[in-house]
2 protein chains.
Amino acid sequence: MPTLQDIANQTRTSISTVSRVLAGGPSARRISHATRQRVMEAARVAGYRPNLIARSLRTRKSHTIALLVSDIANPWFGQMARLIEQSLHRHGYSLMLCNSGEELASEVEYLQLLPQKGIDGLIFVPLTRTKKALMEILPANLPLVVLDRPIAGIGWSVYTDQDQSAHLLCDILENHGVKTIALAAGPQQIVTHRRRAEICAERFKVIARVDGPAQRETGRMAFVKFLNVRPDAIVCTNNFLGQGILDSMTEVEQPALIGCFDEIPMMHLLPIPIVCSVQDVPMLAEGCVNQMLAQLQPQPQTSPKPIVLTSRAVTNPAFHRGRINS
Amino acid sequence: MPTLQDIANQTRTSISTVSRVLAGGPSARRISHATRQRVMEAARVAGYRPNLIARSLRTRKSHTIALLVSDIANPWFGQMARLIEQSLHRHGYSLMLCNSGEELASEVEYLQLLPQKGIDGLIFVPLTRTKKALMEILPANLPLVVLDRPIAGIGWSVYTDQDQSAHLLCDILENHGVKTIALAAGPQQIVTHRRRAEICAERFKVIARVDGPAQRETGRMAFVKFLNVRPDAIVCTNNFLGQGILDSMTEVEQPALIGCFDEIPMMHLLPIPIVCSVQDVPMLAEGCVNQMLAQLQPQPQTSPKPIVLTSRAVTNPAFHRGRINS
DNA sequence: TTGTATGCGTTATCAG
DNA sequence: CTGATAACGCATACAA
């Protein structure tokens, strides 16, 4: 690949002249029209492309943002990743994708690696729970946006109000006549799963409970364990758990109500009554990109303030066909 | 952040000594045990971390692989991305994620940008259809693996045999008594969509057809258009089109059979007969990582040879409840 | 065993 | 208006 030096040789100018011309902008206007044309033409025919690694080393800006999520195979994060990538790309940034797999060791490893890679910022679905723990690993000045799971003391964050979200779900279940539930809960270290479980436990009598990773497999195990008890509803603290439960229901024999967070694909077709409290993914994505861009601006730092969104409820037709105890 | 120079100053050694010590491996053993300890200790307390951008500039290796897909919001690619990221990470590589959104302009833009960013290799779900067009954009020596959609003349590629896959689906539909179909087809520039559509058209009488982007929305439009015709089955050239069709079926009134490629979530619960010809995503992911790693080895280049996998058929209970014309 | 010097491709400063 | 020249942080050939 041709370098600035090559172009300089071909045009009998110096490396700095070429740099100035190709930089475009004010420094380019200070070059005579003649040589400017000559340089640009030479660069064009040579197919010159700046080496962005060299540029990064010099400018200390890589125009790369890292997105560290817990499970990119979850379509919820997939959708998020697409929106974030799209938006960042429009603003001239590339995306480095990392998957912690909900494992703290993996998360810490990435948190150490990424700054070495020279990322300009990090959008982060944390497993780590305190600002202090985070500050020990990350450079203090790295632009950071915490996504989905708030951390006390960190203002650059975007998440959904879990109390609103959970109470919304519970209200609907309650109106539907639910008194007892079985609970399939994700890891309780994760604030979203914990808060959802807590609120559901406050509002209903929990007659069975399974805890485990927020994966379909946990849902499937939960289904088996819930076979004997007869809850009015099964509540899952996220969509994957819900899918796991549904996966296990091959035939429909007086199905329990399913209450769950975020969307279940095809739910309105399923012959099983389902109500979901779903977060606004596009707004979350837009919010965290905006917070990132705000920090990337060298100029007027708007003060960090969390963006807190609300959920809306979605039910399927099967849900409306039956009402318990009525 | 401390640099090699800083550590050298603190230990009263030179920058190259420090570099050698921290490099570990053979060059480190050529340093006296005493100074080695001293340097390592100093690096530890200073919290030294190598600047990987500087290293990349020098070594011309970034340990970063780009994955350019057409739609990361499609769970099929989400799963793929997770497996690829996981595997690459185990081998010491990071992943840069790019989403072409099935737009050629966007794809070309990324293809020009990524080599400038210094990626070590590219895993690529192409929209571009010829090796020639690709070679005009990409550096000839960039390790490249073409995923999912073969390009003539490119040996480093991993994909599924679309003929096997489509005939598998058609066999099952035929055995089930299907004679006429309606076809919801993705973009015909894309070889997978085109081949699937061709084969289905050879084997059945197509009495209606909708073409469009491989998104749910196209499926929904297709459903409306198919309302009047009465095909024995509706065939979709990918999962998203299938989901779109199903999305539109709120109530089940003598549903048509659905035939589709790749998985429909929750399909075995749906009261609609479905048969899918699904690709082996883990094998595809493993295959393309292996092909990438093979090219990254400086030593013995195994000769490029496409990895071609087969699909397997999956049906849901509703499918077995009814048989047409019998 | 260790230090010196050079270069990777840019940007930026400082002369002229 | 333009050209040397010095970083950026690291790896490495060559000396010592």
Side-chain angles (χ1 to χ4, degrees), chain A residues 1-40 42-43 46-64 113 115-120 139 298, chain B residues 1-40 42-43 46-64 113 115-120 139 298:
Chain A
M1 300 232 67
T3 72
L4 287 182
Q5 188 63 259
D6 298 330
I7 309 299
N9 293 342
Q10 287 174 34
T11 56
R12 303 203 172 294
T13 64
S14 79
I15 184 174
S16 33
T17 299
V18 178
S19 176
R20 279 190 270 254
V21 168
L22 298 178
S27 62
R29 266 192 297 280
R30 304 210 151 281
I31 301 291
S32 77
H33 201 72
T35 55
R36 187 169 9 155
Q37 292 301 330
R38 198 151 44 97
V39 167
M40 291 182 66
Y48 170 80
R49 301 271 154 196
N51 179 325
L52 298 183
I53 294 206
R55 179 180 290 174
S56 292
L57 180 61
R58 185 55 232 244
T59 63
R60 319 185 88 78
K61 254 110 193 61
S62 62
H63 280 248
T64 299
L113 174 64
Q116 294 182 49
K117 284 240 174 190
I119 57 167
D120 290 348
Chain B
M1 299 230 69
T3 72
L4 287 183
Q5 189 61 258
D6 298 330
I7 309 298
N9 294 342
Q10 287 174 33
T11 57
R12 305 203 170 292
T13 64
S14 80
I15 184 172
S16 44
T17 300
V18 179
S19 176
R20 280 189 269 255
V21 169
L22 299 179
S27 62
R29 268 192 294 281
R30 302 208 151 282
I31 302 289
S32 78
H33 200 73
T35 54
R36 183 161 21 146
Q37 291 302 329
R38 199 152 43 96
V39 168
M40 291 182 68
Y48 171 80
R49 302 269 153 196
N51 180 325
L52 298 181
I53 293 205
R55 179 178 290 173
S56 293
L57 181 59
R58 185 57 231 257
T59 63
R60 319 184 89 77
K61 255 112 193 58
S62 62
H63 281 249
T64 299
L113 173 65
Q116 294 183 48
K117 284 241 174 190
I119 57 168
D120 290 348

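Just so we're on the same page: letters track the sequence lines, and every chain starts at 1.
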Strictly below 4.0 Å: does A:S16 bring a side-chain N or O up to OP1 or OP2 of D:dT2?
no

Just to be sure I understand the rule, does B:S27 reach a base, reach only the sugar-phosphate, or reach nothing, if contact means heavy atoms closer than 4.0 Å?
nothing

To the nearest Å, how far apart are B:N9 CG and D:dG9 P?
13 Å

Expressed as a whole number of angstroms, how long is the span from A:I53:CD1 to C:dG7:C1'?
16 Å

Round to the nearest Å and state the distance from A:Q116 atom CD to D:dC10 atom C1'.
13 Å

C:dT10, D:dG9, C:dT4: which one has an atom nearest the side-chain heavy atoms of B:L57?
D:dG9

Between A:S62 and A:S56, the two heavy atoms sitting closest are CA-OG, 3.4 Å

It should be established whether A:T59 places a side-chain nitrogen or oxygen under 4.0 Å from OP1 or OP2 of nucleotide D:dC8.
no

So what does B:S19 touch, heavy atoms closer than 4.0 Å: a base, only the sugar-phosphate, or nothing?
base

For B:Q5 and D:dA7, give me the distance from atom CD to atom C1', rounded to whole Å.
12 Å

Is the distance from OP1 or OP2 of D:dC1 to the nearest side-chain N or O of A:T35 less than 4.0 Å?
no

Minimum-distance nucleotide (side-chain atoms of A:L4 versus D:dC10, D:dT2, C:dT11):
C:dT11

With sugar-phosphate meaning primed atoms plus P, OP1 and OP2, does B:R12 contact a base, only sugar-phosphate, or nothing at under 4.0 Å between heavy atoms?
sugar-phosphate

Return yes if some donor-acceptor pair links the side-chain N/O of A:T17 with the main-chain N/O of A:T13 below 3.5 Å, else return no.
no

Nearest heavy-atom contact between A:V21 and A:R36 is CG1-CG, 3.8 Å

Taking all heavy atoms of A:H63 and all of B:K117, pick out the closest pair and write down the distance.
O-NZ, 2.9 Å

Send over the distance from A:H63 NE2 to C:dT10 C1', rounded to a whole Å.
14 Å

From the candidates C:dT10, D:dA11, C:dT1, the one with an atom nearest any side-chain atom of A:I15 is C:dT10

Is there a donor and acceptor pair, one atom on the side chain of A:R58 and one on the base of C:dA12, closer than 3.5 Å?
no

Using a distance-only criterion (donor-acceptor N/O pair, under 3.5 Å, no hydrogens), is the base of C:dG9 paired with the side chain of B:R60?
no

Shortest non-hydrogen separation from B:A8 to B:S14 and the atoms involved:
CB-C, 3.6 Å

Separation of C:dT10 P from B:K117 NZ (nearest whole Å)
15 Å

Does B:S56 reach a base, just sugar-phosphate, or nothing at all? Heavy atoms under 4.0 Å.
nothing

Please classify the nucleic acid contact of B:T13 as base, sugar-phosphate, or nothing, using heavy-atom distances under 4.0 Å.
sugar-phosphate

Can a side-chain donor-acceptor contact be found between B:S19 and B:S16 if the only test is distance below 3.5 angstrom?
no

Take the protein atom CG of A:D6 and the nucleotide atom C1' of C:dT10, then report the distance between them rounded to whole Å.
14 Å

Candidate nucleotides D:dG9, D:dC10, C:dT11, ranked by approach to the side chain of B:R55 - the nearest
D:dC10

Using only heavy-atom distances, decide whether a donor-acceptor pair under 3.5 angstrom links the side-chain of B:R49 to the base of D:dG9.
no

Go through C:dG3, C:dT10, C:dT1 for me and flag the one nearest to the A:A54 side chain.
C:dT10

Rounded to whole angstrom units, what separation is found between the CG atom of A:L52 and the C1' atom of C:dG9?
11 Å

Let me know, please, whether B:S14 or A:R20 comes out on the 5' side of the other along DNA chain C by nearest nucleotide.
B:S14

